[in-house]
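For this chain, numbers begin at 1 and follow the sequence in order.
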Amino acid sequence: MAKGAGKWQANNRKGVSTKLGKQGTRPLRHQRSGDPSMAYIVDPLSAPTVLWAQRFFKKVLPHGQESMPIHLGPKEGWRTEAKLAVRSGPDGKPLIGLFAPGTHDVVSLNDCPAHHPAINAALRLVGKTCAEAAIRGFDEARNEGDLRYLKLDVHRRTELVQLTLVWHAASAAEAGVPLRRLVKRLLRAASWHSIWANFHPAVKHVSRILSHEQESWQRLAGCRRVLHERLKTCSLPYKHPVLCFPPYVFRQANLTAFEAIVSSLRRFVPQGSRVVELYGGVGTIGLHLADLVSSLACSDENPHNKRCFEFTAARLPEELQQRLDYKSGDAASQAPTIAGADIVIVDPPRKGLDEEVVGALLQRGARGQCGRDRGADGPWRLLYVSCGFKALQRDIERLLAGGWSLKHVEGFVLFPGADHIETF
């Protein structure tokens with residue numbers, strides 16, 4: 001478990017639970033000037049999107065649930081995965097941080113309180129080493145430079161960092177001496193689980209942080225085994241799955257808090273359910289439902305995820321392995337599988353559900369809790385994990401108009417300080 005993890009406790013605000021960490025008696029640092037991730041750190045529940053979500057669900061929730069409970073974890077040290085821009089600073093040295101909202105101006109992050117301490121230590125080391133090795137931050141105006149972005153993933157048990165250097169080159173050969181020099185100097189410190197390069201020579205107008213082609217990735221140093229994590233606070237009747245998080249797959253930025261979402265989801269999957277999970281990633285949710293399902297069909301568009309899922313599934317008890325299947329393909333291509341499910345689980349990106357997924361849900365209708373027999377064809381329950389509230393509101397309104405009904409909602413402030421809320 002990451003530093004700062006503790007027990008969920010209720011506070012004195014209605015419908016809110018908080019998680020008190022090891023630093024619970026230490027006064028919280030106030031908002032740092034210019035850091036967009038800390039704008040609401042003094043009171044994360046005052047963020048506009050949190051208030052917007054509360055107002056919306058107050059209108060659409062059934063009378064049996066008067067308000068949306070909101071879970072708030074530690075305000076500091078929670079981020080165990082970070083993607084940061086590297087740009088050329090005014091002094092010619094690389095500037096590492098986040099883009100200011102609505103711009104490509106980098107706000108430098110020095111000892112960000114949201115970051116796990118291992119990330120802050122790694123950033124200090126990378127910044128210092130880049131300056132010593134004469135590494136150039138990316139210059140968007142000229143479309144030139146060396147280092148475009150950093151991706152840092154903390155292994156929570158050892159606190160070692162899996163570091164990805166997103167390099168403005170097509171290959172290691174093109175990156176040449178500067179990349180080799182930087183890695184050699186970084187390896188003087190014992191901070192690293194592994195160091196990877198992602199070669200990404202795209203022009204300045206390409207918004208993707210990473211190049212997704214398989215040949216763009218290269219492990220440069222460190223552990224040959226990919227980073228593994230277990231969600232140990234999620235209560236299971238079998239040994240916790242060993243999740244695989246190499247740098248080229250999605251990992252939740254606040255993995256410790258996401259464990260609470262997975263635990264909540266388990267309460268809504270009856271024994272023996274046929275489950276279809278879309279946008280499934282490496283199986284972070286589905287692999288923790290193996291004892292509850294009669295079948296689980298998980299899918300995601302990232303082709304690397306299937307191998308990670310199968311690695312984890314192969315280490316589960318054999319009787320559970322037989323229930324699990326994984327398909328590589330985007331949610332739109334997998335939408336027809338919805339017809340054979342009792343329960344559909346979705347955890348889409350911020351843009352929300354693909355049109356084909358909404359169409360399949362509306363076509364099948366909703367049974368059981370929405371007025372049809374649970375024995376009829378089509379899903380009778382949808383479990384929607386959202387990280388983009390605007391899209392969630394749009395999708396809910398369409399589903400309600402199409403015959404679905406809203407039965408339960410919980411909010412999770414996974415990124416305290418930011419204007420954001422995740423809902424289930």
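Side chains of N198 and S211: a donor-acceptor N/O pair is absent below 3.5 angstrom, by distance only. Side chains of T256 and R156: a donor on one and an acceptor on the other come within 3.5 Å. Residues S235 and R266 have side chains that never bring a donor and an acceptor to within less than 3.5 angstrom of each other.
Using a 4.5 Å cut-off on side-chain heavy atoms (C-beta onward), V86 and V166 make no contact. L220 is not listed as a side-chain neighbour of W192, based on a closest heavy-atom distance of 4.5 Å or more. Proximity of P241 to L316: side-chain heavy atoms (C-beta onward) are separated by under 4.5 Å at one or more points. With a 4.5 Å cut-off on side-chain heavy atoms, S333 and D330 count as touching. Side-chain contact between L182 and T129: present, with at least one pair of heavy atoms (C-beta onward) separated by less than 4.5 Å. Side-chain atoms of W404 and P379, non-hydrogen and from C-beta on, do get closer than 4.5 Å to each other. For the pair R251/T80, a side-chain contact is recorded, criterion being any heavy-atom separation below 4.5 Å from C-beta on. In this structure, T284 and L231 have side chains that are in contact, with non-hydrogen atoms separated by less than 4.5 Å.
Within the model, atoms CG of N120 and CZ of R79 stand 11.0 Å from one another, a figure rounded to the nearest 0.5 Å. Taking CD of E259 as the start and CG of N254 as the end, the distance is 9.5 Å to the nearest 0.5 Å. Between the CD atom of E277 and the OH atom of Y326 there is a distance of 8.0 Å, given to the nearest 0.5 Å. Atoms CG and CD1, on L383 and I343 in that order, are 6.0 Å from each other to the nearest 0.5 Å. For the atom pair CG (L392) and OG1 (T423), the distance works out to 4.0 Å, reported to the nearest 0.5 Å. In this structure, CG on L72 lies 10.0 Å from CG on L414, to the nearest 0.5 angstrom.
Residues forming a side-chain contact (heavy atoms from CB on, under 4.5 Å) with R350 (at least two apart in sequence, or on another chain): C387, F415, H420. Not counting sequence neighbours, the partners of E397 by the side-chain contact (heavy atoms from CB on, under 4.5 Å) test are F56, Q393.
Within 6.0 Å of the CZ atom in R267, the count of heavy atoms belonging to other residues, nucleotides or ligands exceeds 12. For E318, the CD atom sits in a loose shell: 12 or fewer heavy atoms of surrounding residues, nucleotides or ligands are nearer than 6.0 Å. The environment of E319 atom CD is dense: over 12 non-hydrogen atoms of other residues, nucleotides or ligands sit within 6.0 angstrom.
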For this session: Start with the C-alpha gap between H115 and L84, add the side-chain angles, then the distance that decides, and say whether side-chain contact (heavy atoms from CB on, under 4.5 Å) holds.
Result: CA-CA 12 Å; H115 285 162; L84 300 172; 4.2 Å; yes

Problem set entry | Chi angles and distances behind the side-chain contact (heavy atoms from CB on, under 4.5 Å) call for T312, V282 | CA-CA 9 Å; T312 306; V282 300; over 6 Å; no

For this session: For side-chain contact (heavy atoms from CB on, under 4.5 Å), just list the numbers for I135 and W167, CA-CA rounded to whole Å, side-chain angles, deciding distance to a tenth of an Å, and then say yes or no.
Result: CA-CA 11 Å; I135 301 302; W167 209 264; 3.9 Å; yes

Exercise. Hey, mind stepping through L165 and D146 against side-chain contact (heavy atoms from CB on, under 4.5 Å) and telling me if it holds?
Worked result: CA-CA 10 Å; L165 306 168; D146 298 319; over 6 Å; no

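The aromatic rings of Y248 and H304 sit tilted relative to each other, their planes meeting at an angle between 30° and 60°. Classification of the H228-F311 ring pair by plane angle, with boundaries at 30° and 60°, yields tilted. Between F389 and F57, the two ring planes are perpendicular [angle over 60°; tilted spans 30° to 60°]. Under the 30°/60° scheme for interplanar angles, the aromatic rings of H193 and H155 are found to be tilted. The aromatic rings of H168 and F138 sit tilted relative to each other, their planes meeting at an angle between 30° and 60°. Ring geometry, H240 versus H288: the interplanar angle falls from 30° to 60°, so the pair is classed tilted.
In summary, R323 and D291 do not engage in a salt bridge, as defined by a charged side-chain N under 4.0 Å from a carboxylate O. A salt bridge is absent between E229 and R157: the closest approach of a Lys/Arg side-chain nitrogen to an acidic carboxylate oxygen does not fall below 4.0 angstrom.
In summary, of the residues considered (I345, L353, L406), a side chain to side chain contact (heavy atoms under 4.5 Å, CB included) with Y384 occurs for L353 alone.
Remark: aromatic rings of H71 and F424 are distant, center separation not under 6.0 Å.
Under a 3.5 Å cut-off, the side chain of Q321 and the backbone N or O of A314 do form a donor-acceptor pair. Using modelled atom types, no side-chain atom of R87 and backbone atom of E140 make a donor-acceptor pair closer than 3.5 Å. Of the possible polar contacts, none joining the D153 side chain to the E81 backbone as a donor-acceptor pair under 3.5 Å is found. A distance-only check finds a donor-acceptor pair linking the side chain of K75 to the backbone of V42 [under 3.5 Å].
Across all their heavy atoms, P348 and Y279 have their closest contact at CA-CG, 3.6 Å. Taking every heavy atom of both residues into account, Y238 and L287 meet most closely at OH-O, 2.7 Å. Across every non-hydrogen atom of V249 and F245, the tightest pair is CG2-CA, 3.9 Å. Heavy atoms only, all atoms of each residue included: A47 and A418 are closest at CB-O, 3.9 Å. Between I41 and P416, the shortest heavy-atom contact is CD1-O, 3.7 Å. Heavy atoms only, all atoms of each residue included: N305 and G281 are closest at CB-O, 3.3 Å.
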